[in-house]
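What follows is one structure encoded as structure tokens, with my remarks underneath.
Reckoned from all heavy atoms, side chains included, excluding hydrogens, waters and symmetry mates. So that the names make sense, note that chain A is the first sequence line, chain B the second, and so on, each numbered from 1. Computed from a predicted structure; not experimentally measured.
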Amino acid sequence: MIAATTSRPAVIDLSEIRISNRRRFWRAFRRNRVALLGLILVILICLSAIFADVLAPYDPIEPHYTARLQAPSAEFPLGSDELGRDLLSRLLYGARISLVIGFVAQSVAITTGIIIGMISGWYGGLIDDLLMRIADVFFAIPGLMFLIVWVTIFDPNPVSIFLALGLISWPSNARMMRSQVLHLKELDYVLAARSLGASTPRILIQHILPNAIAPMIVLASLGVAGVILSESILSFLGLGIQIPTPSWGTMVNSSRGYITTAWWYGVFPGLIIMLTVLGFNFLGDGLRDALQPNQYNK
Amino acid sequence: MTTYILRRLIQVVPTMLGIFTVLFILAYLMPSDPLRAVLGEQYRRLPPEVVEGIREELGLNDSFGERYVTFLGQMARGDLGRSYILEQDVADIIAYRFPRTLQLMAGGLFVALIIGIPAGIIAAEKQYTWIDHALMVLSLLGVSIPIFWLALLAQLTLTQSRYGIALFPVAGYEDGNLSHLILPALVLGTNLSATLARVTRSAMLEVRGQDFIVTAHAKGLARRVVLLRHQLRNALIPIITIVGLDIGYLLGGSVVTETIFNWPGLGRAVVPAIERRDTPVIIGILVFGAFLFVIINLITDLVYALVNPRIRYQ
């Protein structure tokens, strides 16, 4: 390693710097036990979503009227619901809905936020004013109520829920991106790129975006947590996606009638929602520490 | 100062206009036929001319533009319209229900402040010790708990004796009876208290590095005095900002909390109104909520300007 670097002292190998940056990030991230725990939680939930049909001991939809509201036992590890369906199996399948909604809706929100924040910060002036006022509008409207009205209009199908969740969570992403761009566009290397005649899209994508991406990754991870939580609330209110496949929030909702007779029915789905959301929050928090140590803990 | 106030007041106008526009589009798109909603089965037996007449009277046959202008005019006059079903003005429904939601929001905020701020101060003081780490992990736990589940757990363990102790009423509302408020307020305040703990911690740390804190310590002031008089007071601005921004969260959270605890506030009115497609009620509550958010954040900004002259001259 030392020999390799000394043999060509004048040339700086850029790929090596990049690797060492990545290594530095990894080292910081690994030291953070909470972040690692988050990563493990997220991976576990993803795996159980992917392999739900292999892992689930029972069919999640078909009722078994002879085994209604069974307490947790060897036969039903987490108990069964009012139609005799195995809770564990239903929870495993439920992970699919929550994760897909979390990832897709958050991708919509983060992409919209990055694009609008970039335009707003780069061009400034009237465009900036206009876009930020629009962001203010979506900030002011109570998100959950907006969501409820939205699904009444467009039906609670996956696409409309992605859009609605994206629509209510882009403003904070856009604001963060905008403030990054405002800071970066004053820096010398951007000025240099401009004086070399680089086009605006090229500057934005090649020079600004890579340097502004770290806080956006953090926001995206925390955002997935937020979106999963919002979807579960919607399902809990009985307004979520209407498909036979169980959604975690829906399960908590239908458990309400059995709260005094079958504690497991409501407790386990809620616990899984919490663990999933916690995983993404731990992960996002650890990413923040590892990616921008000086911006946090000042 | 007057210029600042004026400028800030003028900013409210385009924001409110934007809010009205978005909410009008939602109202316009609502799949709501008020006649069907009110009449139910009788609807089909009515002669088409009568149906058409009522639609005309309610302005449902007007064009998008006409209805938009009418809507803006109503909003400008503060007229939120009339419920299709309850035979009540939306403004009256809000006037009756909002004080109850406000009690709940105040209770939630109280819980959040009383847990969040001390936790944040302690974490900042014990930075990088196990106490700090434990508090921050706890606060992440606090933001990750789905509030409907927390409410269910609270009902499971604290309101009945099958799986817990019957300390509080399961649900409901009684004028002036605080025991009904405790659980809903705890549930509503938990998420916010966790957020506040984090904000307080980082604000306290930020202030701690500044010269005047060092000076205060060098003067020989007691640690507690520096902590509360100098540090906390200066850390309050970001804390108050977060509280202002979380008004929307408290209002949204009240939908869930009020539904579970059967609390007769605004949030409790939202879900039934949605089920009955009672557009004026839904849109009225949304307009009111957004307006509340804008006004509270306006007040916060003005208070800052009053307290901190630097903001005025930006």
Is [X] in contact with chain A via its backbone, its side chain, both, or neither, using a 4.5 Å heavy-atom distance?
X	result
B:L286	both
B:V287	neither
B:I145	both
B:L23	side chain

B:R208-B:Q127 side chain donor-acceptor pair, cut-off 3.5 Å: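 Yes, because at least one side-chain N or O of B:R208 sits under 3.5 Å from a partner of the opposite role on B:Q127.
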
For B:T101 and B:E258, test the side chains for any donor-to-acceptor distance below 3.5 angstrom and give the result as yes or no. yes

Please state whether the rings of [X] and [Y] are parallel, tilted or perpendicular, taking 30° and 60° as the class boundaries.
X	Y	result
A:F139	B:F293	parallel
B:Y68	B:F64	parallel
B:F288	B:F98	perpendicular

Counting only non-hydrogen atoms closer than 4.5 Å, does [X] touch chain B with its backbone (N, CA, C, O), its side chain (CB onward), both, or neither?
X	value
A:V34	side chain
A:I153	both
A:L239	side chain
A:T276	neither

Salt bridge or not for B:K126 and B:D132, using N-O below 4.0 Å? no

Any Lys/Arg nitrogen of B:R198 or A:D285 sitting under 4.0 Å from an Asp/Glu carboxylate oxygen of the other? yes

Given the options [options], which has more heavy-atom pairs under 4.5 Å with chain B than any of the others?
options	value
A:L275, A:L271, A:I273	A:L271
A:T152, A:L229, A:L144	A:T152
A:T261, A:I134, A:D136	A:T261
A:F146, A:F154, A:F280, A:W150	A:F146

Between B:V294, B:V143, B:L26, who has the most heavy-atom pairs with chain A when the cutoff is under 4.5 Å?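 Most pairs with chain A among the choices: B:L26.
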
So which residue, B:L152, B:T21, B:V271, ends up with the most heavy-atom pairs under 4.5 Å with chain A? B:L152

Can you measure from CZ (A:R178) to CG (A:D128) and round to the nearest 0.5 angstrom? 4.0 Å

Roughly how far, to the nearest 0.5 Å, is CG of A:L234 from CD1 of A:I241?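 It comes to 9.0 Å.
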
